[in-house]
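Below, each value reflects all heavy atoms present in this structure, side chains not excepted, and no hydrogens, waters or symmetry copies. Every chain is numbered from 1, with letters handed out A, B, ... down the list of sequences.
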Amino acid sequence: MPELPEVETTRRLLEQALVRKRIVSAEVRRPRMVRRHENPGDFVARVTGRTILALRRHGKFMLADLTQDITWVTHLGMSGRVSLARTGEPEPAHTNVVVRVGGGVEMRLVDPRTFGFVAAYTRDELGASPLARLGPDAYESLPSAEELEAQLAARTAPIKPLLLDQTVVAGLGNIYADEALHRAGIAPDRPGGSLTLDELRRLRRSIRTTLDAGLRWGGTSLDDLAYLLPDGRAGEFASRLLVYGREGEPCRRCGTDVKKAVMRQRGTHWCPNCQR
DNA sequence: ACCTCCCTGGCC
DNA sequence: GGCCAGGGAGGT
C-alpha cells in the first residue's frame with residue numbers, strides 16, 4: 001500500500017543509494033508504465049546521462065531532481081514497489097522499469113498491476129502536471145486546523161473521500177485515512193464541512209501521529225507482500241493497525257466490533273462507538 | 001462532485 | 001469462475 005509512509009520509507013533508502021549518482025542507462029519493459037510521453041524512449045532519453053541531485057517526495061509522488069532541470073517522477077500506484085539491487089542479481093517478477101546508476105546499482109520498479117508510473121518532466125511540464133494540483137504534503141506541511149476549516153467549510157462530501165482526494169492534503173491513502181479518522185474519533189461519513197475546529201485539531205494531530213507511527217515501523221506490508229522496502233524487508237506497521245482490515249474484530253480502544261462499509265468504492269473501516 | 005476504468009494476482 | 005485490492009485520471 002504505497003501511501004505516504006511507504007513512499008517516504010522508500011525514498012529514504014533510495015536517497016542514500018542514488019543521490020549524486022549519474023544515470024547510466026534505463027530500460028522500460030512495460031511501455032504502459034511510462035505516462036505522459038509519446039513513447040517510452042522519450043523517458044529513457046531524458047534521464048540517461050543525467051545526475052540525480054536530490055530525491056524528494058510530495059504526497060505519494062517521488063521526485064528525483066536531475067541535472068538540466070529534468071524531474072523524474074515515480075508513483076507506485078496500488079501495487080508498486082521499488083527494489084534496489086546490483087545489476088545481474090535475480091529480478092522479481094513484474095520488474096517493469098529499471099534505472100541503473102554508476103557503481104552497478106539499479107533501481108527496479110516492480111508493479112504487477114501497472115497502475116504506478118514513471119515520467120520525466122521539464123520544468124514547464126512539471127508545472128502543468130497533475131503534481132501541481134496536489135495539496136500540501138500531509139507530513140511535511142500539514143495545514144493548521146484553521147486552514148483545514150477554511151478548506152472544508154463548504155464541503156458536503158464525507159470526510160473520508162475528502163482525505164483521499166489529495167487536494168486538501170496529499171499523501172493519505174485508504175489505510176492511513178481510516179486510521180487517522182479512528183484516532184481522531186471522527187466517523188468517516190461526516191460531511192467535511194460539519195467538522196468543528198476542535199475536531200479538526202484532533203484530526204490534524206491524528207494524521208501526524210498515524211503517519212509517524214507508519215514511518216517508525218517502515219510502512220504497512222499486508223499479507224500479499226505487494227509492498228516491501230527497497231531492500232526486500234517487509235514494513236511492520238500492519239500488525240499495529242487500529243481499524244483497517246479488522247472488520248468484525250474488537251476495537252483496540254473500546255472492544256466494539258470494527259465495521260466495514262464501501263464508501264465511494266473504497267473499503268472503509270471504523271469503530272461505530274469511538275467515532276462519531 | 002461523482003462514477004468508471006485501467007491491470008494482475010490471490011483468495012473464496 | 002467471480003470478487004476484491006494500497007491509486008489516480010478522465011469523462012459526465
Side-chain angles (χ1 to χ4, degrees), chain A residues 1-10 29-37 57-62 73-82 92-97 109-119 121 125 128-135 138 151-181 189 191-193 210-211 214-215 217-229 234-248 260-269:
Chain A
M1 19 313 35
E3 303 180 26
L4 192 153
E6 290 74 32
V7 178
E8 176 62 14
T9 300
T10 297
R29 276 76 173 280
R30 290 289 301 267
R32 193 183 121 77
M33 295 288 293
V34 176
R35 305 287 163 78
R36 295 176 269 280
H37 290 278
R57 183 191 53 73
H58 188 169
K60 303 170 199 173
F61 290 75
M62 196 161 57
V73 173
T74 303
H75 196 291
L76 299 177
M78 291 266 266
S79 56
R81 67 184 171 94
V82 164
H94 309 291
T95 296
N96 296 336
V97 178
L109 180 53
V110 180
D111 186 1
R113 290 173 75 183
T114 66
F115 288 178
F117 62 87
V118 293
Y121 292 115
E125 289 166 352
S129 77
L131 267 158
R133 273 177 265 122
L134 289 179
Q151 281 290 310
L152 296 173
R155 309 295 293 267
T156 57
I159 186 64
K160 162 77 186 278
L162 288 173
L163 291 178
L164 296 182
D165 180 84
Q166 308 299 303
T167 60
V168 179
V169 290
L172 296 178
N174 207 35
I175 297 176
Y176 293 93
D178 281 359
E179 294 295 296
L181 285 169
D189 62 351
T210 300
L211 294 176
L215 273 167
W217 296 101
T220 308
S221 294
L222 298 181
D223 290 344
D224 61 7
L225 297 182
Y227 166 74
L228 296 171
L229 276 63
E236 295 174 353
F237 192 56
S239 60
R240 293 173 170 79
L241 292 172
L242 302 173
V243 287
Y244 184 88
R246 300 190 65 246
E247 179 184 15
K260 177 181 179 185
V262 175
M263 184 173 290
R264 301 284 204 278
Q265 349 286 29
R266 311 303 299 276
T268 297
H269 313 72

Going through the distances and angles, do A:Arg81 and A:Glu6 end up as a side chain to side chain contact (heavy atoms under 4.5 Å, CB included)? CA-CA 9 Å; A:Arg81 67 184 171 94; A:Glu6 290 74 32; over 6 Å; no
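- For B:dG9 and C:dG8, the P atoms lie 22 Å apart once the distance is rounded to whole Å.
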Stepwise side chain to side chain contact (heavy atoms under 4.5 Å, CB included) test for A:Tyr244 and A:Phe237: CA-CA 11 Å; A:Tyr244 184 88; A:Phe237 192 56; over 6 Å; no
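- Of all heavy-atom pairs between A:Asn174 and A:Lys160, the closest is OD1-NZ, 2.7 Å.
- For the pair A:Arg32 and A:His94, nearest-nucleotide mapping onto DNA chain B gives the more 5' position to A:Arg32.
- Between the CG atom of A:Leu172 and the P atom of C:dG8 there is a distance of 10 Å, given to the nearest Å.
- Going from atom CG of A:Asp223 over to atom P of B:dG9 covers 19 Å, rounded to whole Å.
- Atom CG in A:Leu228 sits roughly 16 Å away from atom P in B:dG9 (whole-Å rounding).
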For DNA chain B, the dot-bracket pattern of Watson-Crick and G-U pairs whose distances stay under 3.5 Å, | for other-strand partners: ||||||.|||||
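- Among the nucleotides C:dA5, B:dT4, B:dC6, the one closest to any side-chain atom of A:Gln265 is B:dT4.
- Between A:Asp111 and A:Asn96 the shortest heavy-atom distance is O-ND2, 2.8 Å.
- Here the nucleotide nearest the side chain of A:Arg264, chosen from B:dC2, C:dA5, B:dG9, is B:dC2.
- The residue A:Arg35 sits apart from the nucleic acid: no heavy atom pair falls under 4.0 Å.
- Among the protein residues, A:Arg81 comes within range of no part of the nucleic acid, since none of its heavy atoms lies under 4.0 Å from any strand.
- Taking every side-chain heavy atom of A:Phe61 into account, C:dA9 is the closest of C:dG7, C:dA9, B:dG9.
- Judged by ring centres under 5.5 Å apart and planes tilted less than 30 degrees, A:Phe115 stacks against the six-membered base ring of C:dG7.
- The shortest side-chain heavy-atom distance between A:Thr167 and A:Leu162 does not fall under the 4.5 Å cut-off.
- In this structure, A:Pro130 and A:Arg113 both approach DNA chain C, and ranking their closest nucleotides by distance from the 5' end singles out A:Arg113.
- In this structure a side-chain-to-backbone donor-acceptor pair under 3.5 Å is present from A:Glu179 to A:Val243.
- Of the candidates B:dC7, C:dA9, C:dG7, C:dG7 carries the atom nearest the A:Glu3 side chain, counting heavy atoms from C-beta on.
- Looking at A:Ser79, its side chain never comes within 3.5 Å of a backbone N or O of A:Gly77 through a donor-acceptor pair.
- Distance alone, capped at 3.5 Å, is enough to place a donor-acceptor pair between the A:Arg57 side chain and the A:Gly59 backbone.
- Between the P atom of B:dA1 and the CD atom of A:Gln166 lies a distance of 16 Å, rounded to the nearest Å.
- Contact check of residues 151-159 of chain A against DNA chain B (heavy atom, cut-off under 4.0 Å) returns A:Arg155, A:Ala157.
- Listed candidates were B:dC2, C:dG7, C:dA9. Nearest to the side chain of A:Asn174 is C:dG7.
- Note: CZ (A:Arg266) to P (B:dA1) measures 18 Å, nearest angstrom.
- Minimum interatomic distance between A:Glu236 and A:Arg240 (heavy atoms only, all atoms of both residues): O-NH1, 3.2 Å.
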